[in-house]
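Some notes on the structure that comes next.
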Amino acid sequence: MVNPEAITANIVSLNVDAIVNAANSSLLGGGGVDGAIHRAAGPELLSECRQLNGCSTGQAKVTLGYRLPARYIIHTVGPVWHGGDLGEDRLLASCYRTCMAEAASLALKSIAFPAISTGVYGYPLALATRIAVDTIMNQLEHTKIQVMFVCFDDEVRAVYEEVLSPG
Ligand code: ADP
């Protein structure tokens with residue numbers, strides 16, 4: 001198993017097979033990491049997204065990366081945090097699992113995830129990080145893909161390092 005790693009970076013700069021976008025269900029762009037990805041990928045991305053008819057929470061759809069170094073973008077829609085009783089944990093885990101399934105079906109060797117749902121969608125960072133790491137660890141038992149958790153700032157990085165550290 002290749003262990004996942006946490007890095008501090010702007011996800012749009014990464015030279016990986018696919019980056020994951022924390023999109024909204026319209027797939028037509030938004031703020032945060034979604035806005036950054038659309039700006040960096042260029043207008044062709046929005047044209048392709050318009051053909052996709054949106055995406056349900058917990059699911060994912062794939063586009064090309066256009067002007068990004070990454071070949072593909074896997075757009076997934078994380079849950080909005082409503083306090084934790086509306087299946088947010090199950091939906092967030094589904095995002096990570098579905099993206100990994102798409103990556104496997106494309107035979108990708110590397111994938112970079114942002115901290116899905118932890119920005120505007122309000123998912124508590126420590127809870128979301130635990131789900132991200134546990135779900136990916138389970139997936140890595142049956143695939144060799146290299147996984148990066150992309151942290152936009154040191155606060156996010158510290159939480160990922162804590163959850164990833166053994167013991
Ligand atoms: P959501 O709507 O799913 O909460 P956001 O984009 O608001 O998504 O935030 C998700 C996470 O992505 C946050 O931790 C935010 O700091 C981070 N983020 C924002 N821009 C970038 C970027 N360019 N690269 C990597 N992470 C980013």
Side-chain angles (χ1 to χ4, degrees), residues 4-43 45-46 49 52 54-100 102-103 108 110-136 146-164:
E5 53 177 337
I7 61 167
T8 306
N10 183 338
I11 202 165
V12 303
S13 69
L14 297 179
N15 193 358
V16 287
D17 289 342
I19 64 168
V20 172
N21 183 14
N24 59 53
S25 57
S26 76
L27 296 184
L28 299 181
V33 71
D34 194 8
I37 289 171
H38 274 268
R39 279 193 299 278
L45 174 58
L46 185 57
C49 284
L52 298 178
C55 182
S56 304
T57 304
Q59 299 300 304
K61 292 197 176 171
V62 180
T63 67
L64 296 177
Y66 297 99
R67 299 176 197 180
L68 297 179
R71 190 144 54 102
Y72 297 104
I73 303 165
I74 305 177
H75 306 261
T76 190
V77 182
V80 176
W81 178 256
H82 289 293
D85 293 332
L86 293 180
E88 292 96 329
D89 51 354
R90 181 180 55 76
L91 289 165
L92 186 60
S94 172
C95 289
Y96 285 94
R97 262 200 316 276
T98 311
C99 289
M100 291 294 280
E102 294 287 358
L108 305 186
S110 55
I111 182 169
F113 286 91
I116 300 164
S117 285
T118 67
V120 173
Y121 280 6
Y123 210 116
L125 181 59
L127 297 180
T129 303
R130 173 55 71 188
I131 290 169
V133 170
D134 285 352
T135 307
I136 292 299
Q146 183 198 357
V147 175
M148 277 171 244
F149 292 116
V150 183
C151 308
F152 202 43
D153 57 38
D154 290 341
E155 185 203 346
V156 177
R157 175 75 178 269
V159 173
Y160 270 92
E161 293 294 354
E162 171 82 29
V163 174
L164 283 168

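Atoms within a ligand are numbered from 1 in the order they appear, just like the ligands themselves.
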Sub-3.5 Å N/O-N/O distance, [X] and ligand 1:
X	value
T118	yes
V120	yes
S117	yes
I11	yes

Heavy-atom check, side chain of L68 versus side chain of I73, under 4.5 Å: yes
Test item: T8 and D153 side chains (from C-beta on) under 4.5 Å apart, heavy atoms: no
Heavy atom of the protein closest to atom 23 (N) of ligand 1 (residue, atom name, distance): N10 OD1, 2.8 Å
Closest protein heavy atom (residue, atom, distance) for atom 17 (C) of ligand 1: F152 CB, 3.9 Å
Test item, G78 contacting ligand 1 (heavy atom, 4.0 angstrom): no
Proximity flag V12 to ligand 1, non-hydrogen atoms under 4.0 Å: no
Flag, side chain of E88 to backbone of G84, donor-acceptor distance under 3.5 Å: yes
Identify the heavy atoms of [X] and [Y] that sit nearest to each other, and give their distance.
X	Y	result
A112	L14	CB-CD1, 3.7 Å
C99	T76	SG-CB, 3.7 Å
K61	G54	NZ-O, 2.7 Å
C151	Y160	SG-CD1, 3.7 Å

Any atoms of ligand 1 less than 4.0 Å from a non-hydrogen atom of [X]? List them with their elements.
X	result
A115	10 (C), 11 (C), 14 (O)
A22	3 (O), 8 (O)
G119	4 (O), 5 (P), 7 (O), 9 (O), 10 (C)
A36	23 (N)

Between T135 and R97: side-chain donor-acceptor atoms closer than 3.5 Å: no
Winner among N24, V33, V77, I7 once heavy atoms are compared against atom 6 (O) of ligand 1: V33
With L91, the side chain to side chain contact (heavy atoms under 4.5 Å, CB included) member among I116, T57, V77, I131: T57
